[in-house]
Structure formats: C-alpha cells, structure tokens
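Comments concern the structure below.
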Amino acid sequence: MTDKKTMVTWAKRVVSLFSIGYIGLMAFLAYTSFYYDISITNRSSFTVLVVCLSLLFAGTMIFSRKQVITSIVALASPLCYLPVLVFYYSKENLIFLIPLGIITVLLFFFGGAGEGLKTIVGTIYLLLYIICILAYFLYVSIFLGHTVDVVTERSVSQSQQYRCYVLDITDNSKGTTKVIVEPNYLDLVYGSVTFVEKGYERIVYNVRKNNLDLDIEWVADSQGKDMLKVDGDIRFKATDAIKPEQAYSFFVKDKRQWKFFK
C-alpha cells in the first residue's frame, strides 16, 4: 500500500511538470498580445489543436493540483490571462479564449494553495480585471468609437518583404483615406495560426476624404527594390525604409509604437 501511494505521489510530481508548459504558453500569449494580432488561418485544425491541448493541460493539472509547481502556476495563470483576454478579445478568438479561461478558473479554485491565500489573490485579480477591462472599453468607446474603419484593399510587394492596405475611415465629417505600409517579414507563423505584427504601421498616403478609388501598385526600382505607387505617385521606397539614418529605418524596434519589452 505504501509503495502504491509513493508511486502515485511521484506520478503527480512528474505530471505537474506539464503545468510549466501551460504557464509558458500563457506567458507567450500574454507577450504576443502586446505586439501581435492573432489570425486563425485554418479553423478546423486549430480547433482540434485547442481541444487536444485543453484536455491535456486540464487533465494533468487537475490530477497534480496539490503539487507545488501546479499550485504556483494556478496562482499565476490569471495574471497572464488578463492581457490575452483584453487584447485578443473578439468573436473569432473565442475559440481559444473560452477554453483558456475555463482552465485558468478551474485551476485557480482547485489548486493546492491555501484558501486564505486564494481569497486574497483572487480579490486582487478580480479588481485588476474589472479596472483593466473597464479602462480598455472606455478607451475604445471614447477614442475609437466615433469612426468606422474599413480595409478596402490589401497588397503585398513583389519581394514579399512589405505589405500595404487602404484604410477607409468614416466619421462625422468628410472621412479619411489612408494607405499604410507594414513589414511583411515579422509575423510569427505556426501552422494553423499566424501572429501578425503590429506597431510598425507607416502612413504613406493620407487624404481628408473617404470612399476614394485608389490605384495601388507595387513596382521595382533600378536596383530591384520595392516601391509603392498610389495613383501613379511614388509613396514608399524600400531603399529609404532601410537607411540607417534616424529619419528613415521605418521598421526597426526603436520605431515600434509599443515598447513595453525591447
């Protein structure tokens, strides 16, 4: 009987190592939520992946919930899940937000930490969630809620290094049409899901009028470098975007809009 109990204890200790993978995944998603938008490129395979990972993590961590490693992960997971929920929230992303949220809540309440500690930490997390979510939605409603932004056209350069899109903005006045260029080589591609970089947008065309029928064309210069023409005028040159001078070097980390982690 003692040997069997010892084997079960060691099995739980070994299984608890899977919780490191879970907190690693949550930390990765929390980091990418600041710098990337998520795009599910194959929903069928992504759904299968989410279901398999959810069952694996939920089963192993509940089985080893009393172990030290799993208990620590249970307390830390809600903090990692907060930016994931705030920055990745959309109807399309509920496919992975809901399973992650369920696992995080179950693990927190059924973890091996003491009830007093869970009460204190849980109260702090609850207040933090309420404040952050309210702040986010107030920001969206006040600063972003007065316009309707629609991407009317997308295009990738001949070298596949850059991409652009036409943004048609409708507001209470004449509206605005913008052409925005981004690097096309900084995305993180993982099979059925792609993390699309954000924070490097460069506005190369901006007119105070919307619903414009623009002629967007990628061409090459004499050196074979990419150039973007908007209605026949050159608006972007790849040779300028990679110059070392501070006024250029469009797509270096120092020019990124979000600089929480460098």
Side-chain angles (χ1 to χ4, degrees), residues 18-43 45-47 49-54 56-58 61 72-108 121-122 124-145 149 151 154 163 165 167 180 182-202 251-262:
F18 280 95
S19 61
I20 299 177
Y22 179 73
I23 196 64
L25 174 63
M26 294 296 293
F28 172 76
L29 291 175
Y31 171 80
T32 57
S33 66
F34 289 103
Y35 296 127
Y36 298 86
D37 292 319
I38 193 168
S39 174
I40 302 172
T41 54
N42 189 323
R43 297 194 70 85
S45 60
F46 185 75
T47 301
L49 177 64
V50 169
V51 170
C52 292
L53 287 178
S54 298
L56 174 65
F57 285 127
M61 289 191 294
I72 295 174
V73 170
L75 292 175
S77 294
L79 186 60
C80 293
Y81 183 69
L82 177 57
V84 177
L85 176 64
V86 171
F87 292 115
Y88 279 154
Y89 178 79
S90 69
K91 291 182 179 179
E92 293 76 16
N93 294 338
L94 292 179
I95 189 174
F96 72 90
L97 290 177
I98 291 177
L100 287 178
I102 292 174
I103 294 174
T104 300
V105 172
L106 288 177
L107 190 60
F108 182 82
V121 175
I124 295 174
Y125 281 156
L126 181 60
L127 292 174
L128 188 61
Y129 268 69
I130 292 174
I131 292 172
C132 290
I133 292 175
L134 284 177
Y136 177 78
F137 282 106
L138 282 174
Y139 167 77
V140 171
S141 61
I142 293 175
F143 295 101
L144 305 179
D149 301 352
V151 176
R154 297 181 185 272
R163 59 176 177 249
Y165 59 92
L167 188 64
I180 299 173
E182 299 176 329
N184 196 44
Y185 50 86
L186 297 177
D187 299 342
L188 304 177
V189 181
Y190 299 105
S192 58
V193 61
T194 299
F195 293 90
V196 183
E197 62 78 23
K198 61 183 179 181
Y200 289 102
E201 300 89 349
R202 298 287 299 195
F251 307 123
V252 295
K253 280 191 174 181
D254 289 339
K255 295 292 185 69
R256 200 173 202 172
Q257 296 174 16
W258 296 84
K259 299 180 181 178
F260 295 104
F261 309 100
K262 297 181 71 174

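Count residues from 1 along the sequence.
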Aromatic rings Y88 and F195: how do their planes relate, parallel, tilted or perpendicular, breaks at 30° and 60°? tilted

Y165 meets the side chain to side chain donor-acceptor pair (under 3.5 Å) criterion, sequence neighbours left out, with none

Worksheet entry | Side chain to side chain, L100 and L29, heavy atoms closer than 4.5 Å | yes

Correct closest heavy-atom pair for R43 and E92 would be NH2-O, 3.2 Å

Closest heavy-atom pair, V50 versus P99, reported as atoms and distance to 0.1 Å, is CG1-CG, 3.8 Å

Query raised in the report: Is there a side-chain contact between F108 and S77, using heavy atoms and a 4.5 Å cut-off?
Result: no

In short, salt bridge (charged side-chain N to carboxylate O under 4.0 Å, His left out) pairs touching residues 22-37 with sequence neighbours left out are D37-K198

Sequence neighbours excluded, the answer for salt bridge (charged side-chain N to carboxylate O under 4.0 Å, His left out) partners of D187 is R163

Any heavy-atom pair between the side chains of I103 and S54 that's under 4.5 Å? yes

Rounded to the nearest 0.5 angstrom, the SG-CZ distance for C132 and F87 is 8.5 Å

Rounded to the nearest 0.5 Å, the CG atom of L94 sits from the CD1 atom of I98 at a distance of 4.5 Å

CD1 (I23) and OG1 (T104) are apart, to the nearest 0.5 Å, by 8.0 Å

OG of S192 to CG of L49, rounded to nearest 0.5 Å, is 5.5 Å

Margin query: Quick check: do Y129 and Y81 have side-chain heavy atoms less than 4.5 Å from each other?
Written below: yes

Are there more than 12 heavy atoms of other residues, nucleotides or ligands under 6.0 Å from atom CZ of F46? yes

Practice prompt. For residues T32 and I38, determine if any side-chain heavy atom of one lies less than 4.5 Å from a side-chain heavy atom of the other.
Written response: no

Exercise. Are T41 and V189 side-chain neighbours, meaning at least one heavy-atom pair lies under 4.5 Å?
Worked result: no

Within the structure provided, determine whether Y89 and N93 are in side-chain contact (heavy-atom separation under 4.5 Å). no

The reported gap from OG1 in T47 to CD1 in I95 (rounded to nearest 0.5 angstrom) is 3.0 Å

In this structure, OG of S33 is separated from CG of L85 (nearest 0.5 Å) by 10.0 Å

